[in-house]
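Below is one structure, written out as structure tokens; the observations come after it.
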Amino acid sequence: MSKLNEAVNSLRATFNSGVTKSITFRKSQIKALMRFIIEKEDVILDAIYKDLHKPRWECQMTELQMIRNDCQIVLNELDNWMKPQYVDKDLANIFEKCYIKYQSYGVVLILGAWNYPINLTLLPLIGAIAAGNCIILKPSEISHHTAVLLEESLPLYLDKSCYKVINGGIPETTELLKYRFDYIFYTGGTAVGKVVMRAAAEFITPLTLECGGKCPVYIDSQCNLTLAASRLVWGKFVNAGQTCLAPDYILINEKIQSAFINELEIIIREFYGENPQQSADFSRIINSRHFDRLSKLLNYDNSSVIIGGQTDVNDLYISPTVLRVNLADHHPIMDEEIFGPILPIISVSDVDEAVEVINTREKPLAIYAFSSDTSVLNYIEKYTTSGAILLNDVMVHAGLSSLPFGGVGSSGMGSYKGKFSFESFSHRRACLIKNQWSITERLMKAMRYPPVSDSKLYWFTKLIEVRPKSVVLSAAPYLLLAGLTLGVCSAVVYLFTSYCS
């Protein structure tokens, strides 16, 4: 038996022991995870810098603080989340207890991503712990230094019998996917997402896929160009564009294209200086393979480069770059998610053409639009589909735990963050507790049990029928219950007064 198989089996035995069902235990592990983030902060920041040359402020903003926030939300709200959620009842079940209870799935596999190696690995872990699962955590081997840190340090804080960190590459991931899990959470590209989904289908395992895609931006003619350029440059070039939510291409009204390009150039210089390679605020490409992929896209048509375009293979550096692209030219940069600091800009005549371009492509993880015309923004919201839509900003919804984070179609399925993470890693169990009163059984015999007559069917249908909503009908079950209660109380009072007299 392989070590990975032993790990899965030992976690299943631990889960079956019931140790993770306790709210106290779950909270203790969330607190331990917070201690890991706090006590190992410098080590974590150093590891991420070695992997991605990511500035410390950027790590704090996009990695560590988001982990701390979600941990605190769990500690604040877990007791409420785990309470039974009582549901509406029909007349047939008016006296019964009917509720939904969140139940742990069991043994969970989390496959992390390399571009935000702490955030995208530990955020789902928080939800899985809060939901009471046992977990195999597989960091991405591409962000090598962070993966080694998680493998070596995280077990010093979390219960090793409930949570195991498996480091390794494609062979380890491939073997893990051969085993039966009760839930799988994957963050990464669509191609690998399909592999994960096929493996999950073998055991009919539920899963969440966070896959990204090409997130479009529409810039309307009625728009604050400086504001749009500032927010867009920040969102595109943070982490050197290696963000699943990064603006992937711009669709801009042709009347303002030149003016907007000038704004982009000014803002890029303002953010990163005359030479962004020397900026302390600009990251690097993760490895030479991704550098080569991006360089090929950049070099496909050098004449399309209007801002930037500089590269340094020894430093894995690609400057903040803007391309002017014509859709009719079938530039390969429009065929795949860019995942780097290259931003194509495409002119369109109006919002109708922009929406048409968006809708001819796969559904993205997010759609962004900038306009001071509310009707334009409403039109985009109404006639497009995406995991999220942000109007007059980019990406910032990812930091808000009260909003679900997730895709649709090829950009993924399922969502997480805050309570949504807890719900993703929990099974919603339907619960109904029937009373054993003799009067209830008499009613069942009169209406539910065979032999069935037309009269029985008629009255049983009336008991379970869903009627058009109205104040009177919605209150009917409670009025009936109040009437019965009043009747019983009146009978008791009558018997008592009769006995006393």
Side-chain angles (χ1 to χ4, degrees), residues 52-53 115 212-219 223 225-226 228-243 245-279 281-349 354 357 361 368 370 394:
L52 288 152
H53 199 271
N115 55 322
K214 295 183 75 66
C215 298
V217 185
Y218 174 63
I219 308 293
C223 173
L225 296 185
T226 303
S230 298
R231 296 177 182 181
L232 224 163
V233 167
W234 170 80
K236 177 60 183 180
F237 299 118
V238 70
N239 200 28
Q242 298 165 113
T243 307
L245 281 172
D248 194 88
Y249 62 96
I250 297 175
L251 300 168
I252 188 166
N253 190 292
E254 56 196 11
K255 299 174 185 176
I256 60 167
Q257 185 181 38
S258 296
F260 187 68
I261 290 170
N262 289 336
E263 289 290 342
L264 287 176
E265 193 165 15
I266 291 168
I267 297 300
I268 289 172
R269 190 181 303 115
E270 180 183 317
F271 283 9
Y272 303 112
E274 293 293 340
N275 183 1
Q277 189 170 6
Q278 295 177 357
S279 170
D281 297 321
F282 193 72
S283 299
R284 297 296 186 266
I285 306 306
I286 183 70
N287 58 27
S288 58
R289 180 171 67 87
H290 283 277
F291 179 91
D292 292 342
R293 175 185 62 82
L294 291 166
S295 295
K296 287 178 182 177
L297 293 174
L298 192 58
N299 297 328
Y300 176 80
D301 180 7
N302 290 326
S303 64
S304 65
V305 177
I306 51 178
I307 299 174
Q310 297 80 24
T311 65
D312 183 345
V313 64
N314 295 319
D315 193 23
L316 295 177
Y317 166 77
I318 297 177
S319 68
T321 299
V322 179
L323 310 181
R324 183 184 281 111
V325 173
N326 190 330
L327 285 175
D329 295 338
H330 303 290
H331 197 298
I333 205 163
M334 297 303 295
D335 294 338
E336 62 182 63
E337 184 179 4
I338 298 168
F339 227 67
I342 306 170
L343 182 61
I345 186 166
I346 302 158
S347 66
V348 293
S349 57
V357 171
R361 298 176 172 273
Y368 309 117
F370 290 85
V394 299

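This structure is a prediction, so every number in the text was calculated from the model and none was measured.
A heavy-atom distance below 4.5 Å is not found between the side chains of Thr321 and Leu343. The side-chain heavy atoms of His53 and Ile285, taken from C-beta on, include no pair separated by under 4.5 Å. Between Ile250 and Ile346 the shortest side-chain heavy-atom distance does not fall below 4.5 Å. Side-chain contact between Asn115 and Ile286 is absent, with no heavy atoms from C-beta onward closer than 4.5 Å.
For residues 325-337, the side-chain hydrogen bond (donor to acceptor under 3.5 Å, both in side chains) pairs, not counting sequence neighbours, are Arg293-Glu336. For residues 252-262, no residue pair satisfies the salt bridge (charged side-chain N to carboxylate O under 4.0 Å, His left out) rule, not counting sequence neighbours. Evaluation of the salt bridge (charged side-chain N to carboxylate O under 4.0 Å, His left out) test over residues 294-305, restricted to residues two or more places apart or in two chains, returns none. Residue pairs meeting the side-chain hydrogen bond (donor to acceptor under 3.5 Å, both in side chains) criterion with at least one partner in residues 261-273, sequence neighbours excluded, are Thr226-Glu263, Arg269-Glu274.
With sequence neighbours excluded, the residues that form a side-chain contact (heavy atoms from CB on, under 4.5 Å) with Val313 are Phe291. Asp292 meets the side chain to side chain donor-acceptor pair (under 3.5 Å) test with no other residue; sequence neighbours excluded. Every residue meeting the side chain to side chain donor-acceptor pair (under 3.5 Å) condition with Tyr218, not counting sequence neighbours, appears here in chain and number order: Asp220. Not counting sequence neighbours, the partners of Asp315 by the salt bridge (charged side-chain N to carboxylate O under 4.0 Å, His left out) test are Arg284. The ring-ring contact (aromatic ring centres under 6.0 Å, His included) search around Phe339 returns Trp114, not counting sequence neighbours. Take Thr243 and apply the side chain to side chain donor-acceptor pair (under 3.5 Å) test, not counting sequence neighbours, and it matches Tyr116. Taking the side chain to side chain donor-acceptor pair (under 3.5 Å) definition, one finds that Asp248 meets it with Lys214, sequence neighbours left out.
For the residue pair Val394 and Pro247, the shortest heavy atom distance occurs at CG1-CG, 4.0 Å. Taking all atoms of both residues into account, the shortest heavy-atom contact from Ile252 to Ile345 is CG2-CG1, 3.8 Å. In terms of heavy atoms, Ala354 sits closest to Leu251 at O-CD1, 3.6 Å. Minimum interatomic distance between Ala228 and Ile219 (heavy atoms only, all atoms of both residues): CB-CD1, 4.3 Å. The two residues Phe260 and Leu232 have their closest heavy-atom pair at CZ-CD1, 3.9 Å.
Between the CD1 atom in Ile307 and the CD1 atom in Ile268 there is a gap of 4.5 Å [rounded to 0.5 Å]. To the nearest 0.5 Å, atom OG of residue Ser303 and atom CG of residue Leu323 are 9.5 Å apart. With rounding to the nearest 0.5 Å, the separation of CD1 in Ile318 from OG in Ser295 is 4.5 Å. Within the model, atoms OG of Ser230 and CG of Leu264 stand 9.5 Å from one another, a figure rounded to the nearest 0.5 Å. Note that OG of Ser304 and CG of Asn302 are 7.5 Å apart. Values are rounded to the nearest 0.5 Å.
Annotation: cation-pi pair Arg361/Tyr249 present, NZ/CZ under 6.0 Å from the ring centroid and within 45° of its normal.
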- request: Please report the C-alpha distance between Ile342 and Lys236 in whole Å, then the side-chain angles of each, then the deciding distance to 0.1 Å, and finally whether the side-chain contact (heavy atoms from CB on, under 4.5 Å) criterion is met.
  value: CA-CA 8 Å; Ile342 306 170; Lys236 177 60 183 180; 5.6 Å; no
task: Test side-chain contact (heavy atoms from CB on, under 4.5 Å) on Ile333 and Ile338 and set out the steps.
output: CA-CA 7 Å; Ile333 205 163; Ile338 298 168; 3.7 Å; yes
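Proximity of a side-chain donor or acceptor of Gln242 to a complementary backbone N or O of Asn239 within less than 3.5 Å is detected. Listed for the Ser319 side chain is a donor-acceptor partner under 3.5 Å among the backbone atoms of Gly309. A donor-acceptor distance shorter than 3.5 angstrom exists from the side chain of Tyr317 to the backbone of Gln277, with no hydrogens or angles considered. In this structure a side-chain-to-backbone donor-acceptor pair under 3.5 Å is present from Asn253 to Ser349.
Relative orientation of the Phe282 and Phe237 rings is tilted, given thresholds of 30° and 60° on the angle between their planes.
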